[in-house]
Amino acid sequence: MNLKTIIYAHRGASKLAPENTMPAFELAYKMGAEGIETDVQLTKDNVPVLIHDENVRRTTNGTGFLLDYTLAELKQLDAGSWFSDQYRGTSIPTLHEFLQWVQDKHIKINLELKNNIIDYKDLEKIVYDHLEAFNLLDRTVISSFNSASIHQVGLIDESVTTGFLTSQKIKDLIDFAKDQGARGLHIKYRMLNPSIVKEAHLNNLYVAVYTVNRPIQLRRCFRLSCDAIFTDVPNIAKQTRDMLS
C-alpha cells in the first residue's frame with residue numbers, strides 16, 4: 001500500500017467548478033490537493049492556454065477550433081456559465097497566469113500537452129520556456145498521449161520528468177515508454193493491475209492512474225501502491241486515503 005500516493009486534481013476540482021479554470025484550481029488547492037493536472041494547447045497567435053478540447057464548444061459559449069482564435073478573441077469567451085451561473089464570466093486561463101498563481105504554492109504540476117490530434121508547432125519548447133521562466137521545472141511533470149512529444153521534451157532537457165499517457169494495452173508498454181524517455185506511465189484506470197505496477201517499478205518508472213473518483217477505485221489505487229492518481233474530487237480522494245492510514 002502507498003499512502004504517499006500523490007493526489008492530482010484533474011483539470012482542477014472539476015466536479016465542483018468548471019474544468020481548467022482558475023476557480024477549479026483554487027478550489028483544488030483549498031481542498032489540499034498535492035498536485036494540479038491541466039491541459040495545454042496553443043492559440044492562433046501561439047500563446048499556451050489551458051483547455052482540454054480542441055474545439056471550444058463544450059466548455060465555452062463559443063464555437064470552432066481553439067487554434068482559430070487569438071488570445072484576445074479567446075478571452076472574450078465565457079468558460080464558466082456552461083457549468084453553473086455562479087461561474088459566469090470565467091475566462092480560459094493562459095499558462096502564464098496559471099504558473100504565476102502556482103509559483104508560491106507548495107503544490108506539484110502536471111501539464112498535459114494536447115497534441116495527439118493537432119500537432120501544435122513548438123508546443124514542447126514554448127511550455128518548457130514558460131516553466132523555466134518561473135523556475136518550476138523541478139516540480140512539474142509533462143505528459144502526453146503523443147509519444148513523439150515525450151521524446152521531444154527529452155531532447156530539450158532530459159532532466160524534465162515526463163509521463164507517457166495511454167488508454168491502450170500497447171505491446172511491450174514498459175519498454176516503449178522507456179524508449180521514448182518517459183519517467184512514468186499514466187494509465188487509464190481500467191488498465192490497472194498488480195503486474196503493471198510491479199513491472200513499471202522494477203524498470204524505475206512511476207505509475208499514475210486516471211481518472212479515479214469513486215472511493216472503491218481510489219482504495220484500490222492506494223493498495224496497489226500507485227505513485228499518483230488523477231481525480232475530479234480531490235477532497236474525496238484525501239478522505240479515502242486518510243481512512244486507510
Side-chain angles (χ1 to χ4, degrees), residues 8-12 14 18-26 28 33 35-56 58-60 62 65-75 77 79 90-103 105 107-157 160-166 180 182-184 186 208 210-211 228 230 232:
Y8 281 94
H10 179 243
R11 308 178 200 171
S14 54
E19 65 178 62
N20 285 330
T21 63
M22 294 311 301
F25 303 144
E26 288 162 2
I36 289 178
E37 184 271 352
T38 185
D39 307 285
V40 189
Q41 300 188 59
L42 296 180
T43 62
K44 186 177 183 178
D45 44 350
N46 271 343
V47 179
V49 294
L50 310 183
I51 184 171
H52 178 270
D53 297 6
E54 290 77 13
N55 194 301
V56 301
R58 181 176 65 87
T59 56
T60 78
F65 287 96
L66 175 85
L67 57 75
D68 292 326
Y69 284 82
T70 65
L71 178 64
E73 291 166 342
L74 204 65
K75 282 294 189 181
L77 299 182
T90 300
S91 65
I92 294 172
T94 64
L95 178 60
H96 184 277
E97 289 165 349
F98 172 69
L99 297 180
Q100 196 168 43
W101 171 80
V102 85
Q103 189 176 29
K105 294 171 176 61
I107 195 165
K108 296 178 182 293
I109 305 162
N110 188 115
L111 298 180
E112 180 184 339
L113 306 183
K114 294 294 294 184
N115 55 358
N116 53 313
I117 293 176
I118 296 170
D119 189 11
Y120 293 102
K121 182 172 167 50
D122 298 325
L123 177 62
E124 298 89 356
K125 185 68 165 66
I126 290 167
V127 168
Y128 177 87
D129 287 347
H130 274 68
L131 289 165
E132 188 176 43
F134 281 94
N135 196 30
L136 288 169
L137 287 164
D138 62 341
R139 57 179 160 118
T140 301
V141 174
I142 296 178
S143 63
S144 181
F145 283 95
N146 184 339
S147 60
S149 193
I150 295 298
H151 181 69
Q152 182 60 33
V153 172
L155 293 178
I156 294 167
D157 183 346
V160 176
T161 302
T162 52
F164 175 58
L165 267 160
T166 184
Q180 306 313 310
R183 302 280 189 84
H186 294 203
Y210 72 95
T211 303
F230 300 99
D232 302 326

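These numbers come from a predicted model, not from an experiment. Position 1 is the first residue of the sequence, and the numbers go up from there.
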Sub-3.5 Å donor-acceptor pair from the side chain of [X] to the main-chain atoms of [Y], do we have one?
X: Asn110; Y: Gly35; answer: no
X: Thr21; Y: Pro18; answer: yes
X: Gln41; Y: Asp53; answer: yes
X: Asp39; Y: Lys114; answer: no
X: Thr162; Y: Ile150; answer: no

Say you draw a straight line from [atom1] of [X] to [atom2] of [Y]; how long is it, rounded to the nearest 0.5 Å?
X: Leu136; Y: Lys108; atom1: CG; atom2: NZ; result: 12.0 Å
X: Asp122; Y: Asn115; atom1: CG; atom2: CG; result: 11.5 Å
X: Leu67; Y: Asn55; atom1: CG; atom2: CG; result: 9.5 Å
X: Gln103; Y: Asn135; atom1: CD; atom2: CG; result: 7.5 Å
X: Gln100; Y: His130; atom1: CD; atom2: NE2; result: 10.5 Å
X: Asn20; Y: Thr38; atom1: CG; atom2: OG1; result: 3.5 Å

Shortest non-hydrogen contact from [X] to [Y]?
X: Gly163; Y: His186; answer: CA-NE2, 3.7 Å
X: Lys75; Y: Pro93; answer: NZ-CA, 3.9 Å
X: Asn46; Y: Ile126; answer: O-CD1, 4.3 Å
X: Phe25; Y: Trp101; answer: O-CH2, 3.4 Å
X: Arg139; Y: Ile107; answer: NH1-O, 2.7 Å
X: Ala9; Y: Ala28; answer: CB-CB, 3.4 Å

Ile142 and side-chain contact (heavy atoms from CB on, under 4.5 Å): which partner among Leu137, Val40, Ile109, Leu113?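 For Ile142, the side-chain contact (heavy atoms from CB on, under 4.5 Å) test succeeds with only one of Leu137, Val40, Ile109, Leu113, which is Leu113.
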Below 4.5 Å, heavy atoms only, C-beta onward: do [X] and [Y] meet side chain to side chain?
X: Phe230; Y: Arg11; result: no
X: Tyr120; Y: Leu66; result: yes
X: Ile92; Y: Thr59; result: no
X: Leu111; Y: Leu131; result: yes
X: Asp68; Y: Lys44; result: no
X: His10; Y: Glu112; result: no
X: Ser149; Y: Leu123; result: no
X: Leu74; Y: Val56; result: yes

What do you reckon, is NE2 of His52 surrounded by more than 12 foreign heavy atoms closer than 6.0 Å?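 Result for NE2/His52: enclosed.
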Give the intermediate values and the outcome of side chain to side chain donor-acceptor pair (under 3.5 Å) for residues Asp232 and Thr211. CA-CA 7 Å; Asp232 302 326; Thr211 303; 5.3 Å; no
Do the side-chain N and O atoms of Asp45 and Thr43 include a donor-acceptor pair separated by under 3.5 angstrom?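 Short answer, yes.
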